[in-house]
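Contents: one structure, followed by commentary.
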Amino acid sequence: MNKIMGLDVGTKRIGIALSVLSTAQPFETISRNPQEEAVKKIISICQQNNIKKIVIGLPKNMNGTIGPQAEDCIEFANLLKNDFEIIFEDERLTSKQAESILALQGKKYTKNKGLVDLKSACIILQQYLDKI
């Protein structure tokens with residue numbers, strides 16, 4: 001099974017998770033700005049890990065509609081779609097879920113928001129892996 005990448009795309013940071021067999025594992029958090037550098041870094045990680053498929057969290061509104069944040073994620077995904085198969089995974093409430101998990105683990109995430117992005121990327125990817 002080829003590895004799959006999971007992304008939690010935020011306005012400042014991007015959490016990255018990679019699949020290992022059928023589980024999502026945290027990889028790293030990168031800065032989104034400058035965006036061109038973020039895209040290059042993601043492509044480089046994909047090439048190093050033989051990744052052909054990227055699962056990107058789509059932050060839909062609670063009523064299921066596409067808002068400005070989801071549109072921003074789609075625009076970012078468009079920068080990768082020529083090189084990879086892109087799959088959108090509903091990510092409503094993953095940040096809250098990530099914060100709860102980190103709190104239970106005793107990790108201080110309030111001063112390191114990258115931890116939340118990283119855990120969210122894992123949740124997004126794991127949701128997809130569980131479906132397939």
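One-based numbering along the sequence shown. The basis for the numbers below is simple: all heavy atoms, side chains too, and nothing from hydrogens, waters or symmetry mates. The model shown is predicted, which means the values in this text are computed figures rather than measured ones.
- Annotation: Glu99, atom CD; neighbour count of heavy atoms from other residues, nucleotides and ligands within 6.0 Å is above 12.
- Arg32 is listed as a side-chain neighbour of Asp72, based on a closest heavy-atom distance under 4.5 Å.
- In terms of heavy atoms, Cys73 sits closest to Gly57 at SG-O, 3.7 Å.
- Side chains of Glu91 and Asp8 form a contact here, defined as non-hydrogen atoms less than 4.5 Å apart.
- The shortest non-hydrogen separation linking Cys122 to Pro26 is SG-N, 3.2 Å.
- A heavy-atom distance below 4.5 Å is not found between the side chains of Lys107 and Lys119.
- Judged as a side chain to side chain donor-acceptor pair (under 3.5 Å), and not counting sequence neighbours, Gln105 has no contacts.
- Think of Leu7 as one node in a network of Ile, Leu, Val, Met, Phe, Trp and Tyr side chains linked at under 4.5 Å; its network also takes in Met5, Val9, Ile14, Ile16, Leu18, Phe27, Ile30, Val39, Ile42, Ile43, Ile45, Ile51, Ile54, Ile56, Leu58, Ile66, Ile74, Phe76, Leu79, Leu80, Phe84, Ile86, Phe88.
- Taking every heavy atom of both residues into account, Gly6 and Leu125 meet most closely at N-CD2, 3.8 Å.
- In this structure, Cys46 and Asp83 have side chains that are not in contact, with every pair of non-hydrogen atoms separated by 4.5 Å or more.
- A donor-acceptor distance shorter than 3.5 angstrom exists from the side chain of Ser100 to the backbone of Lys96, with no hydrogens or angles considered.
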Let's go through Asn2 and Lys53 carefully: what are the C-alpha distance in whole Å and the side-chain angles of both, what is the deciding distance for side-chain contact (heavy atoms from CB on, under 4.5 Å) to 0.1 Å, and is it a yes or a no?
CA-CA 8 Å; Asn2 282 335; Lys53 186 183 292 187; over 6 Å; no
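- Rounded to the nearest 0.5 angstrom, Ile123 CD1 and Asp130 CG are separated by 11.5 Å.
- Linking Ile, Leu, Val, Met, Phe, Trp and Tyr residues whenever their side-chain heavy atoms come within less than 4.5 Å leaves Leu115 and Ile101 in two separate clusters.
- Using a distance-only test at 3.5 Å, with no hydrogens or angles considered, a donor-acceptor pair links the side chain of Gln126 to the main chain of Ser22.
- Ile4 is connected to Ile124 through a chain of hydrophobic side-chain contacts under 4.5 Å among Ile, Leu, Val, Met, Phe, Trp and Tyr, so both are in one cluster.
- Here the straight-line distance linking atom OG of Ser31 with atom CD of Glu37 works out to 10.0 Å at 0.5 Å rounding.
- Contact detail for Val20 and Gln25: the closest heavy-atom pair is CG2-CG, 3.6 Å.
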